[in-house]
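Read the structure below first, then the notes.
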Amino acid sequence: MSGRRVGIWMYQNGGGDVIEEKIVAKLKERGIEAVTGLNLRHAYVENGRTLCPGKTGDIVVMEELDAFFSYNAGEQTQYQMFLYEAIDCIIPCLNNYRSFALTEDKFQTAHLLRNHGVPTADFRLCHRDDTERLRQFIAEWKQMVYKPTDGWGGVGLTKIDSQETLDMLMPFLNQMDLRFFYVEKFIDYDRTDYRVDIVDGDYIGCYGRKAGGSDWRTNITSGGSVFLREPDDAVVELALKAAEVTGLEIAGVDIIYDRTKEEYIVLEVNGIPAFATPEQEKLGLDFNDRKIEKIVDLIDRKSKKQ
């Protein structure tokens with residue numbers, strides 16, 4: 001089918017610009033025109049039409065596209081998410097807004113996964129005024145991690161390993177005017193994880209991340225490093241299940257091994273898992289082409305006109 005037109009907003013750093021070019025070229029081979037640079041930060045809405053400038057400066061009516069592929073975690077804003085939700089009600093978006101918004105919230109994700117039998121870190125949520133309950137949590141667990149429910153890249157994660165640490169942290173948290181506190185029991189693990197990429201229900205690839213120095217976080221932005229890692233069947237099946245439960249068409253599932261419970265657990269599910277950077281490809285991470293092909297297949301299928 002020809003004559004289709006899809007929009008793309010893709011991160012440009014870390015080789016993202018090259019990935020975008022490959023996606024655009026493969027879509028063109030299928031007779032699908034791609035309009036790039038559709039950053040909803042610059043869009044406005046009038047009478048049911050979301051008007052957004054593309055990379056060339058041309059104004060695009062988002063609702064007239066056959067699909068919208070949004071893939072830029074680092075520059076996401078509340079305004080963009082607000083428009084993303086509205087557009088998703090009219091045209092197919094990848095990821096679909098409902099699943100993407102769900103996985104942006106760590107509590108909602110963990111809550112859904114646990115209710116579908118997917119192992120996660122033990123977690124608790126309480127009202128911001130219920131500080132006594134937080135004290136009960138640290139007394140029971142000994143160590144726990146405070147997590148902003150909408151953070152990414154390890155930003156805001158705070159390890160709490162004593163009542164004194166909690167007492168010092170509380171004034172800071174109260175200044176942030178949070179509505180609730182989300183905490184997870186600190187997991188005894190080997191300071192490495194698995195990042196497993198899933199697209200359209202298929203396993204794409206995997207690599208490992210290792211925390212740097214004395215840090216316990218494996219996130220690259222927190223000083224972690226990438227290494228080659230082959231997952232076993234249990235890790236892949238767990239990642240596939242997490243992607244299925246959350247409903248993400250494109251997912252990056254972070255998995256660690258809990259040495260106390262002696263089982264793999266899902267730590268996070270990400271709706272915009274990065275492609276391997278050029279430096280990481282030199283290390284041997286070779287899943288980019290397969291991921292591109294599967295995403296193009298997905299855009300092709302989602303954008304077919306009825």
Counting N and O atoms only, with roles assigned by atom type, does the side chain of [X] sit under 3.5 Å from a partner on the main chain of [Y], one being a donor and the other an acceptor?
X	Y	value
N270	G252	yes
Y194	V236	no
D200	K294	no
E249	N96	yes
H116	V118	no

If the threshold is 4.0 Å, N to carboxylate O, is there a salt bridge linking [X] and [Y]?
X	Y	result
E184	K106	no
R124	E140	yes
R191	D215	no
D122	R114	yes
D300	R30	yes

CA sep, side-chain torsions, deciding dist, call: T165, I138, side chain to side chain contact (heavy atoms under 4.5 Å, CB included): CA-CA 10 Å; T165 304; I138 188 62; over 6 Å; no
Aromatic centroids of F100 and Y84 separated by under 6.0 Å: yes
Quick one: does [X]'s side chain get under 4.5 Å of [Y]'s, heavy atoms only?
X	Y	value
V296	K22	no
E293	R290	no
E244	L240	no
E263	I265	yes
T218	T192	no
I160	L134	no
K304	K302	no
L228	L285	yes

Test side chain to side chain contact (heavy atoms under 4.5 Å, CB included) applied to W141 and V183, step by step: CA-CA 11 Å; W141 284 345; V183 291; 4.0 Å; yes
Transitive ILVMFWY cluster of V18, excluding itself - 4.5 Å side-chain cut-off: none
Indicate if [X] and [Y] have the same hydrophobic cluster label, given that clusters are the connected sets of ILVMFWY residues with side-chain heavy-atom separations under 4.5 angstrom.
X	Y	value
L112	Y97	no
F180	F137	no
I32	M10	yes
F123	Y146	no
I204	V253	no

Can I get a per-line list of side-chain donor-acceptor pairs under 3.5 Å for residues 34-52, giving both atom names and the distance, sequence neighbours left out?
| unit_1 | atom_1 | unit_2 | atom_2 | d |
| --- | --- | --- | --- | --- |
| N39 | OD1 | R41 | N | 2.9 |
| N39 | OD1 | Q80 | NE2 | 2.4 |
| T50 | OG1 | E63 | OE2 | 2.6 |

Please report the closest heavy-atom contact between [X] and [Y], naming both atoms and the distance.
X	Y	result
A243	I198	CB-CG2, 4.0 Å
Y257	Y189	O-CB, 3.3 Å
H127	F181	O-CD1, 4.3 Å
M168	P171	O-CD, 3.4 Å
M62	I91	O-CD1, 3.3 Å
G117	P119	O-CD, 3.5 Å

N72/Q12 under side chain to side chain contact (heavy atoms under 4.5 Å, CB included): CA gap, chis, key distance, verdict: CA-CA 8 Å; N72 190 330; Q12 299 296 292; over 6 Å; no
With a cut-off of 6.0 Å (strictly less than), are more than 12 heavy atoms of other residues, nucleotides or ligands near [atom1] of [X]?
X	atom1	result
K55	NZ	yes
Q78	CD	no
N115	CG	yes
F227	CZ	yes
R301	CZ	yes

Pair V145-W216, side chain to side chain contact (heavy atoms under 4.5 Å, CB included): steps then yes or no: CA-CA 11 Å; V145 177; W216 50 274; 3.6 Å; yes
Between atom [atom1] of [X] and atom [atom2] of [Y], what is the distance when rounded to the nearest 0.5 Å?
X	Y	atom1	atom2	value
M144	F186	CE	CZ	13.0 Å
T120	E268	OG1	CD	11.5 Å
F69	I295	CZ	CD1	4.5 Å
K261	R259	NZ	CZ	15.5 Å
L102	L248	CG	CG	7.5 Å
L267	T109	CG	OG1	11.5 Å

All N/O donor-acceptor pairs, side-chain side in residues 205-213, below 3.5 Å, sequence neighbours left out:
| unit_1 | atom_1 | unit_2 | atom_2 | d |
| --- | --- | --- | --- | --- |
| R209 | NE | D193 | OD1 | 3.3 |
| R209 | NE | D193 | OD2 | 3.2 |
| R209 | NH2 | D193 | OD2 | 2.8 |
| R209 | NH2 | D254 | OD1 | 3.4 |
| R209 | NH2 | D254 | OD2 | 3.1 |

Parallel, tilted or perpendicular: rings of F107 and H111 (30°, 60°): parallel
Donor on one side chain, acceptor on other, N95 and S99, under 3.5 Å: no
Residue of the set V269, L238, V235, V266 for which side chain to side chain contact (heavy atoms under 4.5 Å, CB included) holds with V196: V235
